[in-house]
Amino acid sequence: MEKLIIQAAMIGAEIDKKDFDKLPTTPDEIAKAAKEAVDAGASIVHLHVRDKLGKPSQDPEIFKEVTAKIKKLCNPIIQFSTGGAVGTPAKLRCAPLNLKPEMATLSMGTMNFGDEVFENTTEIITAIANGIKENNILAELEIFDLGMLEAIPRFLKKGLIPSKYHLDFVLGVPGGASGEIKNLVEFVDRIDKNQTWTVAGIGRYQLPLSTMAILMGGHVRVGFEDNIYYKKGELAKSNAQFVERVTRLSRELGREVASPDEARKILGL
Ligand code: KMH
Ligand code: ZN
């Protein structure tokens with residue numbers, strides 16, 4: 001098996017610092033959290049940023065500042081979110097792509113996202129995909145449900161999305177597929193053997209799905225974007241604490257953890 005790529009999704013756009021004070025939101029806090037995650041074994045940083053009030057933002061200036069601060073401390077693959085927060089207009093979601101990060105996300109369909117709607121029409125998917133292609137960025141297709149996986153060949157046939165991509169199965173969002181292990185097995189069963197993939201388990205699904213991905217030859221995403229509980233009833237201390245656990249588990253199970261440069265190789269960057 002390839003070495004394990006651990007992705008740290010440290011911020012997201014769905015929780016506020018006032019609800020969870022360990023959430024990194026300022027550029028310095030985000031850079032420090034990234035450094036700790038990389039030291040613990042992460043090789044990709046999935047990046048959302050916040051404005052001065054701590055609100056989710058797609059402002060390219062903030063992405064630029066945070067990226068520079070991270071790069072001063074460590075050298076992970078930096079993956080920009082184009083999902084933003086639920087309701088962020090498509091134009092803003094695309095805006096940071098001109099900074100040419102190594103990777104960026106591309107969500108593959110509209111869904112209920114808790115009580116809200118995460119809108120990804122064909123028009124939105126195409127606009128984000130164009131930004132990704134124009135800037136020569138590796139796309140990570142975000143798959144929240146089976147229909148989104150099944151949509152890929154349709155988009156490919158029309159030439160709307162890049163032909164080379166990494167997959168991320170985000171399982172457990174209310175409104176998408178749940179994080180039951182049988183769902184992950186089904187999704188992986190449907191993709192090409194050589195296709196690289198990550199799983200991001202939401203909430204209580206994070207640990208079992210991470211373990212399954214280690215065993216199945218996939219890769220793992222952890223962090224506060226997806227889960228803030230280290231175990232039932234116990235809040236996590238840091239993003240790095242989650243990464244440390246995955247690193248430990250993977251080594252116990254006989255799979256080494258990829259450095260950022262090894263991850264670049266595995267992903268063909
Ligand atoms: N915040 C979610 C609505 C992504 O980063 O590309 C979408 C999201 C996906 O976080
Ligand atoms: Zn995200």
Side-chain angles (χ1 to χ4, degrees), residues 6-16 19-20 23-25 30 33-34 37 42 44-51 54-60 62-63 66-67 76-97 99 101-121 124-129 131-132 137-145 148-149 151-152 161-162 165-177 197-203 206 219-228 239 242:
I6 304 174
Q7 187 176 139
M10 310 176 299
I11 311 139
E14 318 311 322
I15 26 172
D16 267 3
D19 302 320
F20 182 58
L23 191 75
T25 55
I30 295 172
I44 301 179
V45 167
H46 168 75
L47 194 61
H48 287 255
V49 300
R50 302 288 173 112
D51 65 15
K55 297 283 166 229
S57 171
Q58 289 295 109
D59 182 346
I62 308 177
F63 271 93
V66 174
T67 299
I77 297 167
I78 297 180
Q79 178 193 91
F80 285 5
S81 166
T82 65
V86 166
T88 307
K91 208 165 168 200
L92 293 183
R93 289 168 60 181
C94 295
L97 295 176
L99 296 169
E102 284 182 274
M103 289 181 82
T105 58
L106 176 57
S107 292
M108 287 306 295
T110 297
M111 63 185 291
N112 286 335
F113 203 96
D115 296 330
E116 300 175 283
V117 176
F118 183 31
E119 205 185 4
N120 293 290
T121 59
I124 292 173
I125 294 171
T126 306
I128 296 172
I132 285 175
I137 299 165
L138 175 63
E140 177 178 278
L141 306 189
E142 306 296 301
I143 306 297
F144 294 83
D145 215 338
M148 298 191 197
L149 187 63
I152 294 174
I161 58 170
Y165 51 81
H166 176 66
L167 288 176
D168 184 23
F169 301 122
V170 186
L171 303 184
V173 174
W197 59 272
T198 290
V199 71
I202 304 300
Q206 191 165 76
H219 303 282
V220 172
R221 175 173 118 173
V222 288
F224 292 157
E225 175 164 350
D226 302 331
N227 174 34
I228 57 172
N239 280 287
F242 285 124

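All ligand and atom numbering here is 1-based and tracks the order in the structure.
The set of protein atoms (N, O or S) found at less than 2.8 Å from the Zn ion (ligand 2) reads His46 NE2, His48 NE2, Glu225 OE2, by chain and number.
Rounded to the nearest 0.5 angstrom, Glu119 CD and Arg93 CZ are separated by 8.5 Å. Distance check: Asn120 CG to Thr82 OG1 gives 8.0 Å after rounding to the nearest 0.5 Å. To the nearest 0.5 Å, atoms CD1 (Ile30) and CG (Leu47) are separated by 6.0 Å. In this structure, NE2 in His48 is found 3.5 Å from OG in Ser81, a value given to the nearest 0.5 Å. Atom OG1 of Thr67 and atom CD1 of Ile78 lie 4.5 Å apart (nearest 0.5 Å).
Taking the six-membered ring where tryptophan is involved, the planes of Phe20 and Phe224 are perpendicular, since the angle between them exceeds 60° and thus also 30°. Between Phe169 and Trp197, the ring planes lie tilted relative to each other; the angle falls in the 30° to 60° range.
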Going through the checks in order, is the side-chain hydrogen bond (donor to acceptor under 3.5 Å, both in side chains) test met by His219 and Gln7? CA-CA 8 Å; His219 303 282; Gln7 187 176 139; over 6 Å; no

Do Ile202 and Leu171 pass the side-chain contact (heavy atoms from CB on, under 4.5 Å) test, and can you show the C-alpha distance, the side-chain angles, and the key distance before you say yes or no? CA-CA 6 Å; Ile202 304 300; Leu171 303 184; over 6 Å; no

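Backbone and side-chain nitrogen or oxygen atoms of Glu225 are examined, and one is located within less than 3.5 angstrom of a nitrogen or oxygen of ligand 1. Note: no N/O pair closer than 3.5 Å links Phe118 and ligand 1 by distance alone.
Annotation for ligand 1: atoms under 4.0 Å from non-hydrogen atoms of Val86 are 3 (C). Which parts of ligand 1 touch His46 is read off a 4.0 Å heavy-atom cut-off, strictly below it: atoms 4 (C), 5 (O). Within ligand 1, counting atoms from 1 as listed, the ones closer than 4.0 Å to a heavy atom of His48 are 5 (O), 10 (O). Below 4.0 Å from some heavy atom of Gly83 lie the following atoms of ligand 1, by number and element: 4 (C), 6 (O), 9 (C). Near Glu14, meaning under 4.0 Å from one of its heavy atoms, ligand 1 places the atoms 1 (N), 2 (C), 3 (C). Below 4.0 Å from some heavy atom of Phe113 lie the following atoms of ligand 1, by number and element: 2 (C), 3 (C).
In this model, a donor atom of one side chain and an acceptor atom of the other lie less than 3.5 Å apart for Glu140 and Gln79.
For the ligand labelled ligand 1, residue Gly84 lies inside the 4.0 Å heavy-atom shell.
For atom 4 (C) of ligand 1, the closest non-hydrogen atom on the protein side is Ser81 OG, 3.3 Å. Scanning the protein for heavy atoms near atom 6 (O) of ligand 1, the closest one is Thr105 OG1, 2.6 Å.
Among the candidates Glu142, Arg221, His166, the single residue satisfying the side-chain hydrogen bond (donor to acceptor under 3.5 Å, both in side chains) test with Thr198 is His166.
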